[in-house]
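If you read the sequence from its start, that first residue is 1, and numbering goes on from there.
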Amino acid sequence: MTRMCFGLISTFDFESKHCQACEQFESCSHEVLRTACRIENAIDIRPVLQKHLELKKRFPTIKDAEISYDFEPSKKRTMAQDLKSVSGLSYQDQRKLLGLTSIQRSWASRLLGADLRSGKDFLEISNVKKVPTLKIIFQMAIAIKHGVNTSKKLQLYLRKYNQDVTDTTFKNKFTNALTVLKALKIVTGEHIYELQDRD
């Protein structure tokens, strides 16, 4: 009785102890060679094999990955702060924060903690008092609502109101604010942004 792997090039190995122990080893090895010859006569498989071997060389093995279970004190502190920033939020709110940096997570959790969840919340100036350090998010939401809805226009518009900070700080704040608004689905769109006024 022949096995399901009989004559398959992808499974047969001359050096394998399992293949050598099989009662079909001789006939299987001949069938594999015949199949290889038929394939080679039909198409030139050398480039495919060469590419496969090159990819295999570049692929890291488990030996390449050093695993360290010791955490540095700074990492422990950062992890504790990350957990602290999302504590008290619902499971759905915590899912919105996935993929955000620690600063973005902190900003988003502060907004959610202050119950600022829709575009309408960011259009009311009185809500700025709830999170006064995140004023740029309110400025961004208002600008988008009034038609300043592309990244370039938004940066130019908001730069006027944030002249007291350096360019690098402004770019970081801008990126963080936009990412947070998108993560919370308050702003949608990739190239042209739109404020969601839903409740």
When rounded to the nearest 0.5 angstrom, what is the spacing between [atom1] in [X] and [atom2] in [Y]?
X	Y	atom1	atom2	answer
W107	T101	CH2	OG1	9.0 Å
L178	Q104	CG	CD	9.5 Å
K135	N162	NZ	CG	7.0 Å
N149	E194	CG	CD	9.0 Å
N176	S106	CG	OG	10.0 Å
R105	L100	CZ	CG	7.0 Å

Can you name the closest pair of heavy atoms from [X] and [Y] and give their distance?
X	Y	result
Q155	F170	O-CZ, 3.6 Å
I136	F174	CD1-N, 4.1 Å
V148	L154	O-CD1, 3.3 Å
C28	C5	SG-O, 4.4 Å
A114	V131	CB-CG1, 4.4 Å
D121	N127	O-ND2, 2.7 Å

**Request:** Take V128 and K130, measure what side-chain contact (heavy atoms from CB on, under 4.5 Å) needs, and give me the verdict at the end.
**Result:** CA-CA 5 Å; V128 176; K130 294 180 181 178; over 6 Å; no
**Joint hydrophobic cluster, Y161 plus L123, side-chain heavy atoms closer than 4.5 Å** =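 In one cluster: yes.
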**Prompt:** Between T169 and V165, is there a donor-acceptor pair closer than 3.5 Å when you use the side chain of the first and the backbone of the second?
**Reply:** no
**Asked** Under 3.5 Å, is there a donor-acceptor pair between the side chain of T175 and the main chain of N172?
**Response**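 No; judged by distance alone, with no hydrogens or angles, the pair does not exist.
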**Pairs touching residues 161-182 that satisfy salt bridge (Lys or Arg N to Asp or Glu O under 4.0 Å), sequence neighbours left out** =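 Matches after skipping sequence neighbours: R159-D167, K182-E190.
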**Request:** List the steps, then state whether side-chain contact (heavy atoms from CB on, under 4.5 Å) holds for M140 with L181.
**Result:** CA-CA 9 Å; M140 185 175 284; L181 287 173; 3.7 Å; yes
**Request:** Using a cut-off of 6.0 Å, state whether more than 12 heavy atoms not belonging to I142 lie near its atom CD1.
**Result:**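 Counting other residues, nucleotides and ligands, CD1 of I142 exceeds 12 neighbours.
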**Message:** If you define the side chain from C-beta out and look only at heavy atoms, does anything of L112 sit under 4.5 Å from R117?
**Reply:** yes
**Request:** Could you list the residues that satisfy ring-ring contact (aromatic ring centres under 6.0 Å, His included) with F138, not counting sequence neighbours?
**Result:**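 Checked F138 against ring-ring contact (aromatic ring centres under 6.0 Å, His included); matches are F122.
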